[in-house]
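These numbers come from a predicted model, not from an experiment.
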Amino acid sequence: MSIKPATYAEWAGRAQKELKDKPLDALQRDYGDLPVKPAYFANDVPDPVATETPGEAPFTRGVRTTMYANRPWTIRQYAGFSTAKESNDFYRKNLAAGQKGLSVAFDLATHRGYDSDHPRVVGDVGKAGVAIDSIEDMKQLFDGIPLDEMSVSMTMNGAVIPVMAMFIAAGEEQGVAVEKLSGTIQNDILKEFMVRNTYIYPPEPSMRIVGDIIAYTSERMPKFNSISISGYHMHEAGATAVQELAYTLADGMEYVRSAMARGLDIDAFAGRLSFFFGIGMNFFVEVAKLRAARQLWAGIMRDLGAKNPRSMMLRTHCQTSGVSLTEQDPYNNVVRTAFEALASVLGGTQSLHTNSFDEAIALPTDFSARIARNTQLILQNETRVTDVIDPLGGSYYVEALTAELVAKAGGLIREVEEQGGMTKAVQEGTPKLRIEEAAALRQARVDRGEDVIVGVNRFRLAEEDKIETRDIDNRKVREEQIAQLDRIRATRNQERCDATLNALTEAAKGDGNLLAAAVEAAKARATLGEISDAMEKAFGRYSAVTRLLSGVYDKAYEADPEYKALQDRISVFKAKNGRSPSIFIAKMGQDGHDRGAKVIATAFADMGYQVHFGALFETANEVSDHVAELGVDAVGVSSLAAGHKTLVPELIELLRSRELGDVPVIVGGVIPESDYKFLRQAGVAEIFGPGTNVLEAANAVLNRIEGRLTNQ
């Protein structure tokens with residue numbers, strides 16, 4: 001007897017009877033730009049699915065024929081803080097406890113090409129990563145870790161040339177030839193201009209740097225991946241799954257074309273390109289996203305001329321989401337990370353980092369890092385998910401989602417191509433604005449309770465338990481780094497150092513390979529800042545133009561009584577004072593993550609505030625100049641990289657010295673509750689941690705402004 005396959009239409013008829021007066025549309029979900037039906041059937045699944053095999057193009061079911069059944073993914077925890085010695089101790093403990101690869105986090109001073117003694121990085125040294133100023137720091141970072149045996153991933157983009165040069169030179173001085181070094185360098189500058197903002201040079205010379213590294217590694221480093229193309233930072237900035245897929249792969253296309261334009265054969269380098277995706281809480285969408293990415297990339301590379309199947313493989317590292325972690329009831333984050341890790345594994349990642357539960361508050365402690373690492377060990381050894389290749393393959397829902405993501409992301413890639421490619425799209429700012437709009441809409445849904453976050457906007461604890469957090473003594477680290485810099489400058493052959501730096505500048509002005517020239521400078525004990533400056537003489541330093549969205553919150557909160565009440569308060573203020581309440585939103589230090597600041601700026605402007613948004617990477621002195629010049633009613637400081645204990649008190653002292661001490665200073669971002677007392681004693685008026693409702697924050701700021709005017 002033949003059985004007729006069920007269809008959505010037949011199911012919908014029965015479902016509507018069960019729902020009675022409730023419309024069927026009420027069961028529909030929409031994840032930004034990805035509508036999801038409440039049920040899927042065989043006719044939702046594309047035809048080719050049944051014929052696809054793991055390990056064969058288009059690799060939807062995985063890049064290896066045997067996948068984890070033969071060998072599980074690599075546990076590669078991303079870490080780095082304080083000095084090279086402290087980070088080295090941390091790495092060696094983790095490797096002894098089961099970690100299989102290193103993933104290095106550098107501090108923001110290093111990312112932005114500054115030595116630790118530069119006046120612009122006073123609050124950044126050693127805080128959100130390890131400080132690296134010279135080859136001596138790099139040698140200390142990997143002391144006792146054999147670089148001919150250990151795969152090393154380095155998240156570096158802006159200062160990628162000096163960091164890569166110091167890694168190569170340190171390996172050589174450890175006795176490891178360059179061709180034996182294995183690992184990955186992120187080297188993905190386009191996403192920096194979109195979301196992360198740790199760029200140094202303008203887009204065109206930045207793309208040249210990418211090409212130089214691909215060329216150097218293709219010729220000399222057969223075991224090293226020359227670029228890790230990152231969607232993770234787009235994910236963290238608020239991109240939808242479609243946006244993350246499309247813009248990441250479009251970036252990859254741009255890098256491939258850049259390398260080919262230098263005369264490189266696509267099959268000579270494509271096999272060592274890798275990707276990096278963020279994995280959030282939308283479980284099945286995240287699984288399908290990785291499957292769709294592989295399918296799309298195989299087609300893209302074929303169209304670009306690749307012949308070798310290995311060139312068409314999309315190999316990826318994944319990291320569980322940082323933005324999904326909550327400050328409130330933080331032990332819930334252990335569960336969130338476990339689900340996200342499972343999604344990445346079922347999606348077929350090649351390596352994985354699992355975030356620690358306390359990372360919405362501070363850098364992870366040894367205790368929280370152990371739980372994060374053990375999450376992966378439990379997945380590998382206890383859950384049996386490694387037994388079967390692509391276990392969700394054939395699922396109506398997952399296969400339909402995969403096809404939908406392929407279609408929608410493919411359409412967005414075509415839009416980028418019509419703009420002239422990703423470099424031009426980035427210069428025009430379109431991807432950045434789209435991601436910022438998605439982030440603002442997401443925040444509005446959370447604030448309204450439409451997207452439930454357990455422990456934040458639903459099921460909140462009456463009282464939070466305190467947890468231990470890691471605190472880095474920024475002043476101590478900076479003093480140690482400066483002492484090391486002084487020793488290097490006093491003992492090096494200055495004539496040789498100057499000659500290598502001049503040669504690097506000439507290479508930047510001409511067509512010499514920048515990485516090759518920088519390796520010689522690193523060996524001569526040139527510092528990271530000096531190598532960066534040598535290229536800046538030819539390229540200049542880039543400053544982005546800030547653009548803010550409008551209307552997003554007005555649309556999301558249309559007819560909402562609380563939102564209307566706040567707007568009425570602001571209208572009364574304006575009528576009484578002849579102007580709107582004004583706020584200056586500042587990003588101090590070298591932290592370029594501006595999602596939170598942009599969301600606040602967009603929301604406050606829609607509510608009726610006059611919002612002034614400062615440039616990225618400003619000093620406390622520059623911010624105080626703006627406050628004095630603009631005469632604003634309040635200052636909002638966004639802090640995500642732990643510089644608040646240094647930079648915020650400095651700003652408050654400067655405001656007091658200018659007799660502006662009554663201007664309330666509000667701080668928001670990733671701030672441990674243990675720092676609240678310190679900040680309040682320094683003079684901070686309000687502190688808003690992760691998960692703060694934006695309407696509540698706007699009302700609190702207005703209370704402070706009205707109180708200040710009443711007391712004048």
inquiry  = A side-chain contact here means heavy atoms from C-beta on lying under 4.5 Å apart; do L548 and K598 qualify?
reply    = yes
request  = Can you measure from CG (D329) to CD (E464) and round to the nearest 0.5 angstrom?
outcome  = 5.5 Å
query = Side-chain contact, heavy-atom cut-off 4.5 Å: F688 with I600?
reply = no
ask   = Taking atom types as modelled, is there a side-chain donor on T326 or R336 under 3.5 Å from an acceptor on the other?
value = yes
ask   = Is there side-chain contact between R294 and T60, with heavy atoms separated by less than 4.5 Å?
value = no
key: Heavy-atom donor-acceptor pair, R704 side chain to A685 backbone, under 3.5 Å   = yes
query = Within a strict 4.5 Å, meaning less than it, do heavy atoms of the P38 and Q28 side chains meet?
reply = yes
Distance in Å, I229 CD1 paired with L314 CG, rounded so as to fall on 0.5 Å steps = 8.0 Å
ask   = Do you know which two heavy atoms are closest between G614 and T546, and how far apart they sit?
value = O-OG1, 4.2 Å
task = Would you please classify the geometry between the F41 ring and the W11 ring as parallel, tilted or perpendicular, with 30° and 60° separating the classes?
result = tilted
ask   = So, does E562 use its side chain to make a donor-acceptor pair with the main chain of L695 at under 3.5 Å?
value = no
query = Which pairs with one or both residues in residues 601-612 pass side-chain hydrogen bond (donor to acceptor under 3.5 Å, both in side chains), sequence neighbours excluded?
reply = none
task = Apply side-chain contact (heavy atoms from CB on, under 4.5 Å) to I705 and I583, showing your working.
result = CA-CA 9 Å; I705 291 172; I583 185 169; 5.6 Å; no
request  = Keeping the roles fixed (side chain from T692, backbone from G689), state whether a donor-acceptor pair exists under 3.5 Å.
outcome  = yes
Main-chain N/O of T7 paired to N43 side chain as donor or acceptor, under 3.5 Å = no
query = Is the backbone N or O of I666 less than 3.5 Å from a side-chain atom of E686, with the two atoms forming a donor-acceptor pair by type?
reply = no
query = How far apart are the C-alpha atoms of V195 and Y232, what are their side-chain angles, what is the distance that settles it, and do they pass the side-chain contact (heavy atoms from CB on, under 4.5 Å) test?
reply = CA-CA 10 Å; V195 291; Y232 178 83; over 6 Å; no
ask   = Is there a donor-acceptor pair under 3.5 Å between the side chain of Q350 and the backbone N or O of G348?
value = yes
inquiry  = Has N699 got a side-chain atom pairing as donor or acceptor with E696's backbone, closer than 3.5 angstrom?
reply    = no
note = Closest non-hydrogen atoms of S356 and L325, given as atom of the first, atom of the second and distance, are O-CD1, 3.6 Å
request  = Could you tell me whether R434 and E415 make a salt bridge, using a distance below 4.0 angstrom between a side-chain N and a carboxylate O?
outcome  = yes
task = Scan residues 329-361 for pairs that pass ring pair (Phe, Tyr, Trp, His ring centres under 6.0 Å), counting only residues two or more places apart or in two chains.
result = Y331-F357
ask   = Less than 4.5 Å apart, any side-chain heavy atom of Y557 and any of M607?
value = no
request  = For N355 and S321, indicate whether the former's side chain and the latter's backbone hold a donor-acceptor pair under 3.5 Å.
outcome  = yes
ask   = If you measure from CG on L24 to NZ on K17, what distance do you get to the nearest 0.5 Å?
value = 13.5 Å
Non-hydrogen side-chain atoms of M194 and M422 separated by less than 4.5 Å = yes
inquiry  = Any carboxylate oxygen within less than 4.0 angstrom of a Lys/Arg side-chain nitrogen, looking at D560 and R448?
reply    = yes
query = H626 and E618: side-chain donor and acceptor closer than 3.5 Å?
reply = yes
F283 atom CZ, over 12 foreign heavy atoms within 6.0 Å = yes
Polar contact flag, side-chain donor to acceptor under 3.5 angstrom, D33-T240 = yes
task = Measure the CG-OH distance between L190 and Y247 for me, rounded to the nearest 0.5 Å.
result = 13.0 Å
task = Give the minimum heavy-atom separation between A39 and D44, together with the two atoms involved.
result = O-OD2, 4.4 Å
Residue pair M234 / I435, side-chain heavy-atom distance below 4.5 Å = yes
message = Give me the atom names and distance for the closest heavy-atom approach of A241 to V285.
response = CB-CG1, 3.7 Å
Cation-pi, F193 ring and K432 (6.0 angstrom, 45 degrees) = no
key: Side-chain H-bond candidate by donor/acceptor type, Y563 with D554, under 3.5 Å   = yes
key: Y397/L392 under side-chain contact (heavy atoms from CB on, under 4.5 Å): CA gap, chis, key distance, verdict   = CA-CA 9 Å; Y397 180 33; L392 293 181; over 6 Å; no
N157 side chain to E192 side chain, donor-acceptor N/O pair below 3.5 angstrom = yes
message = Closer than 3.5 angstrom, by distance alone: can the side chain of D251 be matched with the main-chain N or O of S230 as a donor-acceptor pair?
response = no
task = Answer with yes or no whether the side chains of E340 and S324 bring together a donor and an acceptor at under 3.5 Å.
result = yes
request  = Output yes when R579 and D633 qualify as a salt bridge under the 4.0 Å nitrogen-oxygen rule, no when they do not.
outcome  = yes
key: For D591 against K587, the heavy-atom pair lying closest together   = OD2-NZ, 2.7 Å
remark   = Taken to the nearest 0.5 Å, the spacing of L249 CG from F275 CZ works out to 5.5 Å
task = Would you mind reporting whether P330 and I361 have side-chain heavy atoms less than 4.5 Å apart?
result = yes
A293 to L245 - nearest heavy-atom pair and separation = CB-CD2, 3.4 Å
inquiry  = Against the six-membered ring of F277, is K289 placed for a cation-pi contact (under 6.0 Å from the centre, within 45° of the normal)?
reply    = no
inquiry  = Just verifying a value: how many Å separate H644 NE2 and Y676 OH, rounded to the nearest 0.5 Å?
reply    = 9.0 Å
query = Donor-acceptor pair, Q16 side chain versus K22 backbone, under 3.5 Å?
reply = yes
